[in-house]
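Here the structure is a predicted model, which means the values were calculated and not measured. All values below come from the heavy atoms of this structure, side chains included, with hydrogens, waters and symmetry mates left out.
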Amino acid sequence: VQLQASGGGLVQAGGSLRLSCAASGITFSNYFMAWFRQPPGKEREFIARISWTGETTYQTDSVKGRFTMSRDNAENTVYLQMNSLKPEDTAIYYCAARGRTSYRGGSYYERRWYAYWGQGTQVTVSS
């Protein structure tokens with residue numbers, strides 16, 4: 001199983017980036033997907049999730065209205081469109097996957113809920 005995150009980079013405040021996470025080795029449409037981020041010196045935090053079909057999404061208050069998560073099951077890829085970026089959005093961004101039949105404990109905002117992780121992609125927002 002591999003989750004390959006990409007699309008990070010350096011952007012000025014107010015700018016936009018689109019992150020991608022391409023999955024292989026899994027039946028992608030059977031997986032609940034999420035994005036987390038880890039700011040410098042801080043813990044990894046949940047920011048967005050999407051259902052298997054893509055019909056349902058949720059974002060934390062810190063990114064709501066600015067970030068949009070989507071998926072293309074035909075391409076085995078999940079996306080995070082990030083607009084109106086702020087310096088506090090600077091972090092390593094990780095995608096995560098959980099199978100719909102998984103028995104892993106926890107909740108969707110906890111790292112332990114997810115079985116697979118991407119390697120992370122760095123996003124740096126300059127002021």
Interatomic distance, [X] atom [atom1] to [Y] atom [atom2] [nearest 0.5 angstrom]:
| X | Y | atom1 | atom2 | result |
| --- | --- | --- | --- | --- |
| L3 | W117 | CG | CH2 | 10.0 Å |
| R111 | Q38 | CZ | CD | 6.5 Å |
| N30 | S102 | CG | OG | 12.5 Å |
| K86 | E88 | NZ | CD | 5.5 Å |
| C21 | Q119 | SG | CD | 8.0 Å |
| Q122 | L10 | CD | CG | 9.5 Å |

For [Y], is there any backbone N or O sitting under 3.5 Å from a side-chain donor or acceptor partner on [X]?
| X | Y | answer |
| --- | --- | --- |
| T77 | E75 | yes |
| W113 | G106 | yes |
| S51 | T56 | yes |
| Q2 | A23 | no |
| R49 | A34 | no |
| T27 | S29 | no |

If you define the side chain from C-beta out and look only at heavy atoms, does anything of [X] sit under 4.5 Å from [Y]?
| X | Y | result |
| --- | --- | --- |
| D89 | R66 | yes |
| Y79 | R18 | yes |
| I50 | V78 | yes |
| V123 | I92 | no |

Determine whether the aromatic ring centres of residues [Y] and [X] are separated by less than 6.0 angstrom.
| X | Y | answer |
| --- | --- | --- |
| Y108 | F46 | yes |
| Y114 | F36 | yes |
| F28 | W52 | no |

We want to know whether S16 and N83 form a side-chain donor-acceptor pair, criterion being a heavy-atom distance below 3.5 angstrom. yes
Partner of V11 under side chain to side chain contact (heavy atoms under 4.5 Å, CB included), picked from V125, T124, T90, is V125
Consider only side-chain heavy atoms of I, L, V, M, F, W and Y, link residues closer than 4.5 Å, and tell whether [X] and [Y] are in one cluster.
| X | Y | answer |
| --- | --- | --- |
| L19 | Y58 | no |
| W35 | V63 | yes |
| Y109 | M33 | no |

If you draw the axis of the six-membered ring of Y94, does the NZ or CZ of R44 fall within 45° of it and under 6.0 Å from the ring centre? yes
Shortest non-hydrogen contact from [X] to [Y]?
| X | Y | value |
| --- | --- | --- |
| A13 | P87 | CB-CD, 4.1 Å |
| R37 | S62 | NH2-OG, 3.8 Å |
| T121 | G7 | OG1-N, 4.1 Å |

Using the ring of each side chain (for Trp, its six-membered ring), is F67 parallel, tilted or perpendicular to Y93, with breaks at 30° and 60°? tilted
Please step through salt bridge (charged side-chain N to carboxylate O under 4.0 Å, His left out) for the pair K64 and D61, ending with a clear verdict. CA-CA 5 Å; K64 192 171 294 183; D61 287 344; 3.4 Å; yes
